[in-house]
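The basis for the numbers below is simple: all heavy atoms, side chains too, and nothing from hydrogens, waters or symmetry mates. Remember, it's a predicted structure, so these values are computed and weren't measured experimentally.
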Amino acid sequence: AALDAAKAEWNAKLLAVREKYTVPKIDSGVADKWDGTTKTEPKKSADGTYQISSAAELAWFADAVNGGSTALNAALTDNINLNGKTWPGIGTVSNQYTGTFDGKYFMVSGLAGSKGLFDFVGACVIKNLTVSGAIKEGTNMGLLADVSAGTVENCFTTGSLHRINSYGTTGGLIGRADAGTVIRNCGSAANVSCSMKSLKAELNMGGLVGNLYGTVENSYATGTVKVEAGSGYTAVGGFIGQTKNTAAITNSYAAGTVTGSAGGALGAFVGVNSGSISGSYYREDAAEAAVATGSADGLTAMTKAVMQS
């Protein structure tokens, strides 16, 4: 009874977040679909925040950040369709995004290429945003952000990520969440897959985050995680691929299946755990073990029926 009460409490919190989103179909119906090249400077509000209403304006913003204006603030004012055109990612390894980006519960759909909506982000804030798309063949990949050191809250992703190499990180929300990253009230329904051919590799693949050095609170993953080839691999989990010793997870759950070719190590919640976990849940039939390598303390198994109730 206590377990049911706890689950009901944090599920209500997560559902309250999701209900705020104005999530349309994957083809969002947005008339202003991006042509892949046009960039238009958006207007600013009185406090200097860029008001982004189109894909061309978002492309201008990405170009500005990648060119060195890393601390710009922005807010969406409408749903945006990137139209399956290759997206460059916001932020680079040398110009990491450090501003505040407020999605205002709108959606960016049609993301494509090898990068997430954000590529490299530093001590930024990204909030109230849904991202939908299909990306593949990148090194670090997450539909929201590829590599993060910032605060991410009230964000959701859906779609797919596929990699063909045995190195890098892949997560439905964020690929690599470095120390300093805080993920709060977020979720992903994205499907994550890999068709690597190398043996004995740490894949760092997870339903929410591939490799976690930071913290995750009140979040979930419901998509599938699948390794299609290879053997001897590790760090594949339904929620997180691998947690480092600085990582902490609280009040979260993973409900998707985790499958792979013979000879791999899979975790229903975490593949390799060196961090701390508390008050979290996993689907008992998702994989053979809750955690393939490391401690499973702080985790409770649930049936598929209960998790879908």
Within 6.0 angstrom of E228 CD, more than 12 heavy atoms from elsewhere: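 Result for CD/E228: enclosed.
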Test side chain to side chain contact (heavy atoms under 4.5 Å, CB included) applied to V121 and F101, step by step: CA-CA 11 Å; V121 300; F101 191 99; over 6 Å; no
Hey, does [Y] have a side-chain heavy atom less than 4.5 Å from the side chain of [X]?
X	Y	answer
T293	Q242	no
N128	F106	no
N211	K244	yes
V65	N95	no
T139	Y167	yes
L58	I90	yes
C186	V152	yes
F156	Y220	yes

Which heavy atom of [X] sits nearest a heavy atom of [Y], and at what distance?
X	Y	result
M141	S114	CG-O, 3.6 Å
S193	H162	OG-ND1, 2.6 Å
D146	G116	OD1-N, 2.9 Å
N185	S219	N-OG, 3.5 Å
G207	A221	C-CB, 3.7 Å
K44	Y50	CE-OH, 3.0 Å

Closer than 3.5 angstrom, by distance alone: can the side chain of [X] be matched with the main-chain N or O of [Y] as a donor-acceptor pair?
X	Y	result
T246	Y213	yes
T40	A56	no
N204	A235	no
T130	M107	no
N66	G91	yes

Distance from [X] atom [atom1] to [Y] atom [atom2], nearest 0.5 Å?
X	Y	atom1	atom2	answer
L117	I135	CG	CD1	10.0 Å
L143	L173	CG	CG	8.0 Å
N81	S109	CG	OG	3.5 Å
L208	L144	CG	CG	10.0 Å
Y253	R283	OH	CZ	12.5 Å
E57	L76	CD	CG	10.0 Å

Under the side-chain hydrogen bond (donor to acceptor under 3.5 Å, both in side chains) test, residues paired with T77 that sit two or more places apart: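 With neighbours one apart ignored, the set is empty.
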Co-members of the apolar cluster containing F120 [side chain, <4.5 Å]: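 Members alongside F120: V93, V147.
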V182-I174 co-clustered via ILVMFWY side chain contacts under 4.5 Å: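 Result: no, two separate clusters.
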If a pair satisfies salt bridge (Lys or Arg N to Asp or Glu O under 4.0 Å) and one of its residues is in [range], list it, with sequence neighbours excluded.
range	value
residues 58-70	K39-D63
residues 178-194	E153-R184, R176-D178, R184-E217
residues 113-131	K115-D119
residues 256-279	none

Using side-chain contact (heavy atoms from CB on, under 4.5 Å) as the criterion, list what pairs up with [X], not counting sequence neighbours.
X	result
A64	W60, L72
A75	T49, Q51, D102, K104
N245	none
A265	T234, A292

Evaluation steps, side chain to side chain contact (heavy atoms under 4.5 Å, CB included), between T170 and C194: CA-CA 9 Å; T170 310; C194 177; over 6 Å; no
Polar side chain donor-acceptor pair, N191 to T224, under 3.5 angstrom: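 Yes, a side-chain donor-acceptor pair sits under 3.5 Å.
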Between T157 and S188: side-chain donor-acceptor atoms closer than 3.5 Å: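 Yes, a side-chain donor-acceptor pair sits under 3.5 Å.
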Extract all donor-acceptor atom pairs below 3.5 Å that involve side chains of residues 268-279 and protein atoms in other chains or at least two apart in sequence.
unit_1 : atom_1 : unit_2 : atom_2 : d
N273   : OD1    : T243   : OG1    : 2.5
N273   : OD1    : G275   : N      : 3.0
N273   : ND2    : S295   : O      : 2.8

Pairs touching residues 71-97 that satisfy ring pair (Phe, Tyr, Trp, His ring centres under 6.0 Å), sequence neighbours left out: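 Qualifying pairs: W34-W87, F61-Y97, Y97-F118.
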Step-by-step side chain to side chain contact (heavy atoms under 4.5 Å, CB included) determination, V108 to L82: CA-CA 7 Å; V108 176; L82 296 178; 3.8 Å; yes
